[in-house]
Amino acid sequence: YYGVVASTGELLSVHDVERGLACGCVCPSCGTRLEARKGERKAYHFAHESNKECLYGAEISVYLAFYELLKKTKIFFLPDAVLSFNSCKEDEIVKYGCMIPLTNVEFHNDPTNYPPELLCYAGENCFQIILNIEDYYNESDYRSIKEYGKKNDLAIVVIDIDTLDALSSFSELQAYIESPNYKTWVFNRVIEEWDRKYREIAVEPASFENGHLCLAQKNQ
């Protein structure tokens, strides 16, 4: 739904360009000329002039659109930092979400490595935004992403997007930026610190036969 104007480098929505090749746009991922298809039967969309199979072209264009909008608005609503327990204990919010001003935004795209890097800075703090489009990531992926965040001491927030069709204009993207919904932390230093504190004071259960005594039964 987004193309780069070849003559200016500006990223535009398909709604804001002329029909057909007159749009003057190229694919943000592979650089191939795009044709703006604006008929009556299907939703407006871009298509590669050569019908080229462009892996992740649509997704990259949405990442770039988020980048352009974040760079312009300089705000982002962070989600609640939630500590989850592997037990019957309810999840605990250790830091409430809030709208923050951004001091800088960076976008890095390596065609051989998906997803691209979308980094947001708030003063000295930095976090990465990853888009989970149409349930692209599974539990194993999230474990790998979390390990990456730990290794690089980089906070990572995921935005869940049901379908690309919900992001055909910049106004639709804006809702995801300003809303506390659709977002979760995959790695957050605050959550990790509270997890460490809980583990430090946790009661070690006594061994019993091939297992351990149940702390709940012992009212501990």
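Below, each value reflects all heavy atoms present in this structure, side chains not excepted, and no hydrogens, waters or symmetry copies. As the structure is a computational prediction, the values presented were derived from the model and not from experiment.
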J.: Just do the side chain to side chain contact (heavy atoms under 4.5 Å, CB included) check on Ile129 and Cys120 with the steps written out, would you?
T.: CA-CA 8 Å; Ile129 295 175; Cys120 296; 3.7 Å; yes
J.: Would you compute the distance between atom CD1 of Ile60 and atom CG of Leu131 and round it to the nearest 0.5 angstrom?
T.: 9.5 Å
J.: Hey, is the main chain of Thr112 close enough, under 3.5 Å, to the side chain of Asp110 for a donor-acceptor pair?
T.: yes
J.: Would you mind checking if Arg189 and Asp153 are paired as a salt bridge, meaning a charged N to carboxylate O distance below 4.0 Å?
T.: yes
J.: Does Lys183 qualify as a cation-pi partner of Phe76, given the criterion of NZ or CZ under 6.0 Å from the six-membered ring centre and within 45 degrees of its axis?
T.: yes
J.: Can you tell if the side chain of Ser207 reaches within under 4.5 Å of the side chain of His212, non-hydrogen atoms only?
T.: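 Yes; the side chains approach each other to less than 4.5 Å.
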J.: Would you give the length of the straight line joining atom CE of Met99 to atom CZ of Phe77, rounded to the nearest 0.5 angstrom?
T.: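 Spacing of CE (Met99) from CZ (Phe77) equals 6.0 Å.
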J.: Are Leu21 and Val4 grouped together when hydrophobic residues (ILVMFWY) are joined by side-chain heavy atoms under 4.5 angstrom apart?
T.: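 Leu21 does not cluster with Val4.
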J.: To the nearest 0.5 Å, how far apart are OG in Ser61 and CG in Leu11?
T.: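 It comes to 7.5 Å.
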J.: At their closest point, which heavy atom of Gly123 faces which heavy atom of Thr103, and how far apart are they?
T.: N-OG1, 3.1 Å
J.: Output the distance between atom CH2 (Trp194) and atom CD1 (Ile191), rounded to the nearest 0.5 Å.
T.: 12.5 Å
J.: Search all heavy atoms of Asn138 against all heavy atoms of Ser140 and return the closest pair with its distance.
T.: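 Closest approach of Asn138 to Ser140: OD1-N, 3.1 Å.
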J.: Answer yes or no: is there a side-chain heavy-atom contact under 4.5 Å between Asp80 and Lys95?
T.: no
J.: Does any part of the side chain of Tyr1, heavy atoms only, come nearer than 4.5 Å to the side chain of Phe46, both counted from C-beta?
T.: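 Contact flag for Phe46/Tyr1 side chains = no.
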J.: Do other residues, nucleotides or ligands put more than 12 heavy atoms under 6.0 Å from the NZ atom of Lys89?
T.: yes
J.: Count the heavy atoms of every other residue, nucleotide or ligand shown that sit under 6.0 Å from CD of Glu200, and state whether that count exceeds 12.
T.: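 Above 12, so yes.
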J.: Rounded to the nearest 0.5 Å, how far apart are CD1 of Ile75 and CD1 of Ile177?
T.: 7.5 Å
J.: May I ask you to decide if Pro79's main-chain N or O and Trp185's side chain share a donor-acceptor pair within less than 3.5 Å?
T.: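 Pair found, side chain donor or acceptor close to backbone of Pro79.
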J.: From the options Ser29, Pro28, Pro116, select the one residue that forms a side chain to side chain contact (heavy atoms under 4.5 Å, CB included) with Leu64.
T.: Pro28
J.: Does any donor atom in the side chain of Tyr136 or Tyr56 lie under 3.5 Å from an acceptor atom in the other side chain?
T.: yes
J.: Checking Arg199 now: which residues fulfil side-chain contact (heavy atoms from CB on, under 4.5 Å) with it, not counting sequence neighbours?
T.: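 Scan of Arg199 (side-chain contact (heavy atoms from CB on, under 4.5 Å), adjacent residues dropped) gives Asp195.
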J.: Do Tyr182 and Ile161 have side chains that approach each other closer than 4.5 Å (heavy atoms only, starting at C-beta)?
T.: no
J.: Quick one: are Ile100 and Leu102 in side-chain contact, heavy atoms under 4.5 Å?
T.: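 Yes, at least one pair of side-chain atoms sits under 4.5 Å.
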J.: Between Glu192 and Lys150, does at least one N-O distance fall below 4.0 Å, as a salt bridge requires?
T.: yes
J.: Ring centroid separation for Phe170 and Tyr2, is it under 6.0 angstrom?
T.: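 Centroid distance Phe170-Tyr2: below 6.0 Å, so yes.
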J.: Find out whether Ile156 and Ile130 are in side-chain contact, i.e. whether some heavy atom of one side chain is under 4.5 Å from a heavy atom of the other.
T.: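 The answer is yes; the side chains approach within 4.5 Å.
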J.: Evaluate whether atom CD of Glu18 has more than 12 neighbouring non-hydrogen atoms of other residues, nucleotides or ligands under 6.0 angstrom away.
T.: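 Open: at most 12 neighbouring heavy atoms sit under 6.0 Å from CD of Glu18.
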J.: So does Ile159 get a backbone contact from the side chain of Tyr176, meaning a donor-acceptor N/O pair under 3.5 Å?
T.: no
J.: Quick one: does Val157's side chain get under 4.5 Å of Phe187's, heavy atoms only?
T.: no
J.: Between Tyr121 and Phe127 (judged by ring centroids, cut-off 6.0 Å), do the two rings come close enough to count as a pair?
T.: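 No, the ring of Tyr121 stays outside the 6.0 Å limit from the ring of Phe127, centre to centre.
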J.: Scan side-chain atoms only and decide if Ser169 and Glu172 contain a donor-acceptor pair under the 3.5 Å cut-off.
T.: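 There is such a pair between these side chains.
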J.: Would you call Leu118 and Leu70 a side-chain contact if the rule is heavy atoms closer than 4.5 Å?
T.: yes
J.: With rounding to the nearest 0.5 angstrom, report the NZ to CG distance, Lys146 to Asp141.
T.: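 Between atom NZ of Lys146 and atom CG of Asp141 there are 15.0 Å.
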J.: Taking Cys27 as the fixed residue, which of Arg33, His48, Glu49 is the one that meets the side chain to side chain contact (heavy atoms under 4.5 Å, CB included) rule?
T.: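 Output: one option passes, namely His48.
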J.: Would you find a donor on one side and an acceptor on the other, under 3.5 Å apart, between the side chain of Asn152 and the backbone of Leu154?
T.: no
J.: Might you point out which heavy atoms bring Gln128 and Glu117 nearest each other, and give the distance in Å?
T.: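 Reported closest heavy-atom pair: NE2-CG, 3.9 Å.
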J.: Is Tyr142 linked to Val82 within one hydrophobic cluster, defined over Ile, Leu, Val, Met, Phe, Trp and Tyr using a side-chain heavy-atom separation of less than 4.5 Å?
T.: no
J.: Passes side chain to side chain contact (heavy atoms under 4.5 Å, CB included), Glu59 versus Tyr114? Steps please.
T.: CA-CA 10 Å; Glu59 290 83 358; Tyr114 183 85; 3.4 Å; yes
J.: Indicate whether the side chain of Glu92 and that of Tyr198 have a donor and an acceptor atom separated by less than 3.5 Å.
T.: yes
J.: Is the backbone of Ser13 close enough, under 3.5 Å, to the side chain of His15 for a donor and an acceptor to pair up by distance?
T.: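 A pair under 3.5 Å: no.
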J.: Is the shortest side-chain N to carboxylate O distance from Lys72 to Glu68 below 4.0 Å?
T.: no
J.: Between Asn188 (side chain) and Ala155 (backbone), is there a donor-acceptor pair under 3.5 Å?
T.: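 Checked: no pair found.
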J.: Check for me whether Lys151 meets the cation-pi criterion with Tyr148, that is, NZ or CZ under 6.0 Å from the six-membered ring centre and within 45 degrees of the ring axis.
T.: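 No - Lys151 does not lie over the ring of Tyr148 by the 6.0 Å and 45° rule.
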